[in-house]
Chemist: 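My questions all concern the structure below.
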2 protein chains.
Amino acid sequence: MRRDIFQAIADPTRRAIIALIAVHSMTPNAIAENFNTSRQSISKHLRILSECELIHQEQQGREIYYSLKIEKMKEIDEWLEQYRNIWENRFDQLDDVLSKLKKN
Amino acid sequence: MRRDIFQAIADPTRRAIIALIAVHSMTPNAIAENFNTSRQSISKHLRILSECELIHQEQQGREIYYSLKIEKMKEIDEWLEQYRNIWENRFDQLDDVLSKLKKN
DNA sequence: TATTTGCGAAACCAATTAGTTGCATATATA
DNA sequence: TATATATGCAACTAATTGGTTTCGCAAATA
């Protein structure tokens, strides 16, 4: 089973869950109220997010509060970094390519 | 059929294709040489990336050169922006929350 | 002109996904 | 203690996915 952060954020419901619990921790029931889907399906999404270590849970009595592990989101940022370099230095790179072409 | 950039980058083969053609445009055959999968399966991935407007194609005789539309990658960056704010201002936000709590 | 090459598309298949319903369990409350 | 509530988990299902094989077409080449 592939289970990484890229697969985790591929689903729009999971992205919405992430956005919700980024603000403050929430219980599965409270999260589910924001969607027209069952509590169980939200639970499954939470499990996937958990397996990706994207969220953290804290039991409080019979309730479980889920919150976002914001550090994990940095992984996406790190992956993006290489491309950010490209789009920021597009023209510099073009110059680079051209000068290299001249040398050959 | 869901077809957005988050679904596009969910597959590791597609992320590898993106990395490959980010450097310079390549033909499907040349791309496929880098994986132990068929040219046809790469073609399917390229179609998905195309449908997400993540790549650009240029016909040259019977060859088709695929290249990355780097601007599209910015969409991920924009989505990440809200979370970047959170992880950068974690402590500031904590202060914020605490001061708001005091007021209530 | 006949053959090879590069490619996309269709048909098919196994695995995975996102959802459902129906439990079981633990905690709160009457 | 009996009941209600919050939750996770298992079994099932339909849709989607990523791959394959097979095909057709257009461009290059012999």
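Chain naming here is simple, since letters A, B, ... match the order of the sequence lines and numbering starts at 1 in each.
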Chemist: Name the closest nucleotide to the B/Glu63 side chain, picking from C/dT17, C/dC7, D/dT17.
Modeler: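 The closest nucleotide is C/dC7.
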Chemist: Within the pair B/Thr27 and C/dC7, is there a side-chain N or O less than 4.0 Å away from OP1 or OP2?
Modeler: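 B/Thr27 to C/dC7 OP1/OP2: side-chain N or O found under 4.0 Å.
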Chemist: Would you check if A/Met26 and A/Tyr65 make a side-chain contact, meaning some heavy-atom pair closer than 4.5 Å?
Modeler: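 No - every pair of side-chain heavy atoms lies 4.5 Å or more apart.
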Chemist: Heavy atoms from C-beta onward define the side chain here; which of D/dG18, C/dA18, D/dG19 lies closest to that of A/Ile48?
Modeler: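 Nearest nucleotide to the side chain: C/dA18.
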Chemist: Donor-acceptor pair, A/Asn34 side chain versus A/Ala30 backbone, under 3.5 Å?
Modeler: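 Between the backbone of A/Ala30 and the side chain of A/Asn34 there is a qualifying donor-acceptor contact (under 3.5 Å).
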Chemist: Taking the minimum atom-to-atom distance to the side chain of A/Gln40, which one of D/dG18, C/dA18, D/dC9 wins?
Modeler: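 Among D/dG18, C/dA18, D/dC9, the one nearest the side chain of A/Gln40 is D/dC9.
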Chemist: For the residue pair A/Gln57 / A/Ser50, report whether a side-chain donor-acceptor contact shorter than 3.5 Å exists.
Modeler: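 Looking only at side-chain atoms, A/Gln57 and A/Ser50 do form a donor-acceptor pair, the distance falling under 3.5 Å.
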Chemist: So for A/Lys44 and C/dG19, does any side-chain atom that can act as donor or acceptor lie under 3.5 Å from a complementary atom in the base?
Modeler: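 Answer yes: a donor N or O sits under 3.5 Å from an acceptor.
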Chemist: Take atom CD1 of A/Ile64 and atom C1' of C/dA28, then tell me their distance rounded to the nearest Å.
Modeler: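 My rounded result for the distance is 15 Å.
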Chemist: Which nucleotide, D/dT20, D/dA28, C/dC7, lies nearest any side-chain atom of B/Arg62?
Modeler: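 Looking only at heavy atoms from C-beta outward on B/Arg62, the closest nucleotide is D/dA28.
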Chemist: Does the pair B/Asp11/B/Lys44 count as a salt bridge with the N-to-O cut at 4.0 Å?
Modeler: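 The answer is no: the pair does not qualify as a salt bridge.
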Chemist: Tell me the interatomic distance from A/Arg15, atom CZ, to C/dA18, atom C1', rounded to whole angstroms.
Modeler: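 My rounded result for the distance is 15 Å.
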Chemist: Which one, C/dG8, C/dA18, C/dT21, comes nearest to the side chain of B/Arg39?
Modeler: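 Side chain of B/Arg39 sits closest to C/dG8.
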Chemist: Nearest to the side chain of B/Asn29, which nucleotide is it out of D/dG18, C/dC7, C/dT20?
Modeler: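 From the listed options, C/dC7 comes nearest.
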Chemist: So, is A/Ser38 near the phosphate of C/dG19, with a side-chain N or O under 4.0 Å from OP1 or OP2?
Modeler: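 Indeed not, no polar side-chain atom of A/Ser38 lies that close.
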Chemist: Kindly say if A/Thr37 contacts the phosphate of C/dT20, meaning a side-chain N or O under 4.0 Å from OP1 or OP2.
Modeler: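 Yes, such a contact exists.
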Chemist: How long is the line joining CD of A/Glu51 and C1' of C/dA18, in whole Å?
Modeler: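 One finds 14 Å between C1' of C/dA18 and CD of A/Glu51, rounded.
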Chemist: Can you tell which of C/dA18, D/dG18, D/dC9 lies closest to the side chain of A/Arg47?
Modeler: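 Output: D/dC9.
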Chemist: Considering only side-chain heavy atoms of A/Tyr66, which listed nucleotide, C/dC7, D/dT7, C/dG19, is closest?
Modeler: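 Given the options C/dC7, D/dT7, C/dG19, the side chain of A/Tyr66 is closest to D/dT7.
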Chemist: Using whole Å, report how far CD of B/Gln59 lies from P of C/dT5.
Modeler: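 Spelled out: CD on B/Gln59 to P on C/dT5 is 19 Å.
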Chemist: Within a strict 4.5 Å, meaning less than it, do heavy atoms of the A/Glu58 and A/His56 side chains meet?
Modeler: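 Counting from C-beta outward, A/Glu58 and A/His56 do come under 4.5 Å.
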Chemist: Rounded to whole Å, please give me the gap between CD in B/Glu33 and C1' in C/dC7.
Modeler: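 Answer to the nearest Å: 15 Å.
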Chemist: CG of A/Leu46 versus P of C/dT17: gap in Å, rounded?
Modeler: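 Those two atoms, CG and P, are 16 Å apart.
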Chemist: Between C/dT20, D/dG19, C/dA18, which nucleotide has the shortest distance from any of its atoms to the side chain of B/Ser41?
Modeler: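 The nucleotide sitting nearest to the side chain is D/dG19.
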Chemist: Rounded off to whole Å, could you give me the CG-to-P distance for the A/Asp4 and C/dT16 pair?
Modeler: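 Whole-Å distance recorded here is 14 Å.
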Chemist: Checking B/Arg14 side chain against B/Leu49 main chain: does a donor-acceptor pair fall under 3.5 Å?
Modeler: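 Flag not set: sc B/Arg14 to bb B/Leu49 has no pair under 3.5 Å.
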Chemist: Heavy atoms only, 4.0 Å cut-off, all strands: where does B/Ile42 land among base, sugar-phosphate and nothing?
Modeler: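 B/Ile42: no heavy atom of the nucleic acid under 4.0 Å.
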Chemist: If you check the A/His45 side chain, which of D/dT17, C/dG8, C/dG19 turns out closest?
Modeler: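 So the nucleotide nearest the side chain must be C/dG19.
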Chemist: Provide, to the nearest angstrom, the distance between the CD1 atom belonging to B/Ile31 and the C1' atom belonging to C/dG8.
Modeler: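 The distance from CD1 of B/Ile31 to C1' of C/dG8 comes to 14 Å, rounded to the nearest Å.
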